[in-house]
J.: 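Mind having a look at this structure? Questions to follow.
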2 protein chains.
Amino acid sequence: MARMTTSRDVARLARVSQSTVSRVLSGKGNVRQETSERVMTAAQRLGYYVNETARSMKTKKSKSIGVVLPSLLNPFFSETAHSVYTYTKEHDRTMLIELTMDNPRAHQAVVKDLIGRRVEGLLLGAVSTGDTFMEEYCQHPVVPSVMYNRRLSKDIGNWVVSDNKLGSIMATTYLLTQGHRDILYVSGDMAYSTAVDRLMGYKFAMDNAGKKPRVVCGNYDYVQTFEVVGNVLDAEHFRQPTAIFAGNDLMALAVIGALTNRNLGPKSDIAVIGFDNISWPARRDINLTTISQRQDLMLKTALEGLFDLINGRTHTVRTVIKPELIIRGTA
Amino acid sequence: MARMTTSRDVARLARVSQSTVSRVLSGKGNVRQETSERVMTAAQRLGYYVNETARSMKTKKSKSIGVVLPSLLNPFFSETAHSVYTYTKEHDRTMLIELTMDNPRAHQAVVKDLIGRRVEGLLLGAVSTGDTFMEEYCQHPVVPSVMYNRRLSKDIGNWVVSDNKLGSIMATTYLLTQGHRDILYVSGDMAYSTAVDRLMGYKFAMDNAGKKPRVVCGNYDYVQTFEVVGNVLDAEHFRQPTAIFAGNDLMALAVIGALTNRNLGPKSDIAVIGFDNISWPARRDINLTTISQRQDLMLKTALEGLFDLINGRTHTVRTVIKPELIIRGTA
DNA sequence: GTGAAAGCGCTAACAT
DNA sequence: ATGTTAGCGCTTTCAC
């Protein structure tokens with residue numbers, strides 16, 4: 001491609017100074033109507049697009065916020081990304097997405113990358129509990145950040161998370177009151193606070209009811225859960241659980257998949273409950289009973305908090321969102 | 001946040017010139033081992049991150065490619081986004097995502113935005129057939145672009161799409177050979193070439209078989225399809241279709257949802273076939289019969305083409321990907 | 001209301 | 001091997 005037109009080119013054609021072009025296109029400063037029109041026409045004719053790179057270089061505002069997510073293959077996070085886009089746009093910012101690909105070790109690099117690109121703030125949705133880089137970062141931040149959904153084990157930095165332990169207790173208790181005694185819990189990847197807290201809640205509720213907890217690990221992964229739960233279902237010498245509580249909806253879907261595969265019906269044969277309440281399209285036929293993280297509220301809170309941080313309106317943002325039990329058709 | 005450290009700060013601390021810092025951190029130019037280490041230590045101590053904005057300002061390479069998608073709520077496109085991330089990363093580029101929110105009118109603005117940010121190339125996955133801005137853009141491009149999946153009606157610009165008409169014929173013919181005569185087609189939003197071509201294929205195949213086509217419009221939207229198809233199913237005075245062919249998988253899921261809601265089974269009562277072959281998590285219990293767009297191949301082709309364009313290795317990229325019939329459990 | 005000039009933080013000649 | 005210098009394309013004083 002040929003060299004791109006600059007404001008200088010526009011200035012030459014419009015017979016004004018380059019700073020006048022800047023004034024017209026940024027909408028700042030007084031410019032005579034006629035001059036303005038001449039500039040606009042010239043810009044149009046040359047197919048001029050303001051160079052945002054140069055602009056943010058000068059203004060020291062990148063107008064962008066960095067978002068770190070584990071993956072876009074989990075509906076929970078692709079929905080998050082979609083909403084982040086909407087909200088940041090409302091705040092006249094663009095979102096820069098980075099993915100860790102479900103690998104905690106990739107986190108540090110993508111955060112550094114985002115900082116290098118001079119994002120004005122960081123929304124971190126893939127923090128693992130023991131991330132030492134993040135621990136240090138929270139002590140000496142260069143750019144405001146808020147952890148979303150997942151957080152560090154040390155209670156530092158800014159975060160908006162849901163009360164995962166409580167949500168887990170709610171789910172387990174609900175199954176208990178439905179008469180279930182053998183409740184299998186499918187855990188997520190224990191590298192993340194959500195998995196830790198949810199497991200804790202499940203154990204707490206089971207202990208309280210004097211029931212024996214039974215746990216398998218699905219790692220927040222569809223395929224792994226499908227297999228691991230399948231193994232449980234196929235083990236003939238053990239008592240089958242009457243209910244399965246999955247640590248997130250993605251794994252709950254895998255559970256249902258494993259069930260269907262064996263001609264077992266969710267609820268009719270084995271109750272299934274998830275966690276997240278993803279507003280994912282197949283909900284009408286799956287109709288999953290789940291714990292809502294109230295994702296939209298959580299995200300909005302995190303983002304508003306981040307903007308408050310950016311604008312110096314606050315120093316800390318720490319919010320716990322109360323989860324909700326959503327009873328549908330699978331439990 | 002305090003002013004960020006610059007290479008100048010690092011230079012001062014390391015007692016070298018600023019350009020030496022640049023040489024060390026960009027890995028270009030010869031620097032003595034010892035000097036290099038001194039710079040690295042200084043950078044470390046100051047928490048220095050190279051300002052990519054300034055760097056790309058100077059090098060005139062943004063190291064980023066712009067991606068326009070209709071939405072991240074449709075699994076087809078969130079999967080696309082996920083893969084784009086992987087591929088662009090392999091090419092040492094970052095992806096800048098913009099969404100049209102399924103609104104063709106939003107397209108022009110987001111493309112301009114991306115150009116303003118000086119992306120090196122554009123992957124356009126949300127082009128509508130009659131977009132006059134894009135038509136003009138293709139004649140006088142400022143930045144290389146390739147349309148992905150959807151394209152203009154005028155045959156201009158660069159594109160990688162699947163043979164949607166053929167795919168549609170394959171789906172319809174398959175249903176016909178299965179003995180179906182009353183096949184309902186659920187169309188997508190006719191603003192997009194995919195919807196136009198798929199409808200054409202369906203009609204062609206039906207005509208060929210001497211069957212009467214029957215079409216409703218789901219606009220590529222889950223909720224709308226759920227309702228529209230529900231209406232058909234509830235219309236008592238009409239003959240029910242024995243098979244439903246949905247213009248994409250998202251709508252096929254809505255069809256199955258509407259079926260399930262009425263205690264009808266896909267295949268057992270009414271056959272369902274989709275289009276896309278999204279590798280979406282619930283596939284094991286839904287087990288949707290569909291037409292594969294071979295998304296991965298299509299995307300890879302589009303992106304490789306885009307990079308070829310960027311590097312001046314080619315002038316045009318136009319590829320039609322042959323679709324595949326994937327027979328599973330719903331038809 | 002408009003122009004001239006400085007400078008954002010880098011890289012890339014060009015010197016030495 | 002390292003320092004000096006000149007911009008990249010803007011915004012923003014400061015003059016006039």
Side-chain angles (χ1 to χ4, degrees), chain A residues 1-40 42-43 46-64 113 115-120 142-143, chain B residues 1-40 42-43 46-64 113 115-120 142-143:
Chain A
M1 294 281 122
R3 166 185 154 284
M4 295 204 67
T5 19
T6 69
S7 57
R8 206 161 223 99
D9 300 327
V10 178
R12 202 170 306 131
L13 183 60
R15 307 194 151 280
V16 292
S17 77
Q18 182 265 336
S19 49
T20 296
V21 175
S22 169
R23 274 189 272 262
V24 172
L25 280 113
S26 63
K28 293 169 184 170
N30 298 335
V31 184
R32 196 149 43 102
Q33 173 80 16
E34 192 223 295
T35 316
S36 173
E37 277 164 17
R38 223 166 60 239
V39 170
M40 290 304 271
L46 294 175
Y48 173 69
Y49 296 86
V50 179
N51 186 331
E52 290 297 335
T53 311
R55 176 176 279 177
S56 60
M57 165 110 264
K58 183 70 211 182
T59 59
K60 303 191 133 208
K61 296 205 176 322
S62 65
K63 290 278 185 190
S64 65
D113 182 303
I115 296 174
R117 282 144 85 191
R118 294 298 184 266
V119 293
E120 297 179 19
V142 242
V143 157
Chain B
M1 292 281 122
R3 167 185 154 282
M4 294 206 65
T5 11
T6 71
S7 59
R8 208 163 220 98
D9 300 327
V10 177
R12 202 170 306 132
L13 182 61
R15 310 196 146 279
V16 292
S17 77
Q18 184 265 338
S19 52
T20 296
V21 175
S22 169
R23 273 189 275 259
V24 173
L25 280 112
S26 64
K28 294 170 184 171
N30 298 335
V31 184
R32 195 147 44 101
Q33 173 79 16
E34 192 223 296
T35 317
S36 172
E37 278 164 17
R38 223 166 61 237
V39 170
M40 289 305 270
L46 296 175
Y48 173 69
Y49 296 86
V50 179
N51 186 331
E52 290 297 335
T53 312
R55 177 176 279 176
S56 60
M57 166 110 263
K58 181 71 210 181
T59 60
K60 303 191 131 206
K61 296 203 175 327
S62 66
K63 291 276 186 190
S64 65
D113 182 304
I115 296 174
R117 284 145 84 192
R118 294 299 185 266
V119 293
E120 297 179 20
V142 240
V143 157

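Heavy atoms only: backbone and side chains are in, while hydrogens, waters and symmetry mates are out. Convention: sequence-line order gives letters A, B, ...; per-chain numbering from 1.
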J.: Let's see if you can work this out: which of C:dG3, D:dA1, C:dG9 has an atom nearest to the side-chain heavy atoms of B:R32?
T.: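 Side chain of B:R32 sits closest to D:dA1.
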J.: In whole angstroms, how far is the C1' atom of C:dC8 from the CG atom of B:D9?
T.: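 After rounding, the reported distance stands at 13 Å.
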J.: Could you state the atom-to-atom distance from CD of B:Q18 to P of D:dT5 in whole Å?
T.: 13 Å
J.: With sugar-phosphate meaning primed atoms plus P, OP1 and OP2, does A:S56 contact a base, only sugar-phosphate, or nothing at under 4.0 Å between heavy atoms?
T.: nothing
J.: Looking at the base of D:dT4, is there any donor atom on it, or on the side chain of B:S19, that sits under 3.5 Å from an acceptor on the other one?
T.: yes
J.: Does B:R23 contact D:dG3 through a side-chain donor or acceptor facing the base, at a distance under 3.5 Å?
T.: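 Answer is yes: a donor-acceptor pair is held.
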J.: Can you check whether A:R118 reaches B:M4 side chain to side chain, under 4.5 Å on heavy atoms?
T.: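 SC-SC contact between A:R118 and B:M4 confirmed.
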J.: Report the residue (B:G29 or B:M57) whose heavy-atom-nearest nucleotide on DNA chain D is the more 5′ of the two.
T.: B:G29
J.: Which is true for B:N51 with a 4.0 Å heavy-atom rule: it touches a base, it touches only sugar-phosphate, or it touches nothing?
T.: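 Touches sugar-phosphate only.
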J.: For C:dG9, does either OP1 or OP2 sit under 4.0 Å from a side-chain N or O belonging to B:T6?
T.: no
J.: Respond yes when some side-chain nitrogen or oxygen of B:Y49 is under 4.0 Å from OP1 or OP2 of C:dG9, and no when none is.
T.: no
J.: Find the distance A:R38:CZ to C:dT2:C1' and express it as a whole number of Å.
T.: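 Rounded to whole Å, this separation is 11 Å.
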J.: Rounded to the nearest Å, what distance is computed from the NZ atom of residue A:K28 to the P atom of nucleotide C:dG1?
T.: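 Nearest whole value for this atom pair: 18 Å.
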J.: Show the numbers, then the answer: is there a side chain to side chain contact (heavy atoms under 4.5 Å, CB included) between B:V10 and B:V39?
T.: CA-CA 7 Å; B:V10 177; B:V39 170; 4.2 Å; yes
J.: Whole Å only: how far is the CZ atom of B:R8 from the C1' atom of D:dG3?
T.: 12 Å
J.: If you measure from the Lys or Arg side-chain nitrogens to the Asp or Glu carboxylate oxygens, is any gap between B:D9 and B:R3 under 4.0 Å?
T.: yes
J.: Please determine if a side-chain N or O atom of A:T20 lies less than 4.0 Å away from the OP1 or OP2 oxygen of C:dG3.
T.: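 Answer is yes, contact under 4.0 Å.
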J.: What contact category does B:S22 fall into here, base, sugar-phosphate, or nothing, at under 4.0 angstrom with non-hydrogen atoms?
T.: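 If one applies the 4.0 Å heavy-atom cut-off, B:S22 turns out to touch a base.
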J.: Please determine, for the side chain of A:N30, which listed nucleotide (C:dG1, D:dT12, C:dG9) has the closest atom?
T.: C:dG1
J.: Could you give the CE-to-C1' distance, from B:M4 to C:dC10, as a whole number of Å?
T.: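 Rounding to the nearest Å, CE of B:M4 and C1' of C:dC10 are 14 Å apart.
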J.: What is the distance from CZ of A:R117 to P of C:dC10, rounded to the nearest Å?
T.: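 One finds 16 Å between P of C:dC10 and CZ of A:R117, rounded.
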J.: So which one's nearest nucleotide on DNA chain D is more toward 5', B:K60 or B:V16?
T.: B:V16
J.: With rounding to the nearest 0.5 angstrom, report the CZ to OG1 distance, A:R38 to A:T20.
T.: 9.0 Å
J.: Taking all non-hydrogen atoms of both residues, which atom of B:V24 and which atom of B:S36 are closest, and how far apart?
T.: CG1-OG, 3.8 Å
J.: In terms of side-chain heavy atoms of B:T35, which of C:dC10, D:dC10, D:dT2 is nearest?
T.: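 When the side chain of B:T35 is considered, D:dT2 is the closest of C:dC10, D:dC10, D:dT2.
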J.: Can you identify which nucleotide, out of C:dT11, D:dT12, C:dG7, has its nearest atom closest to the B:K58 side chain?
T.: C:dT11
J.: So which atom in A:G29 and which in A:R23 form the shortest heavy-atom distance, rounded to 0.1 Å?
T.: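 Taking A:G29 first and A:R23 second, the nearest heavy atoms are CA-CD, 4.2 Å.
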J.: Between atom NZ in B:K61 and atom P in C:dT11, what is the gap in whole Å?
T.: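 From B:K61 NZ to C:dT11 P: 14 Å.
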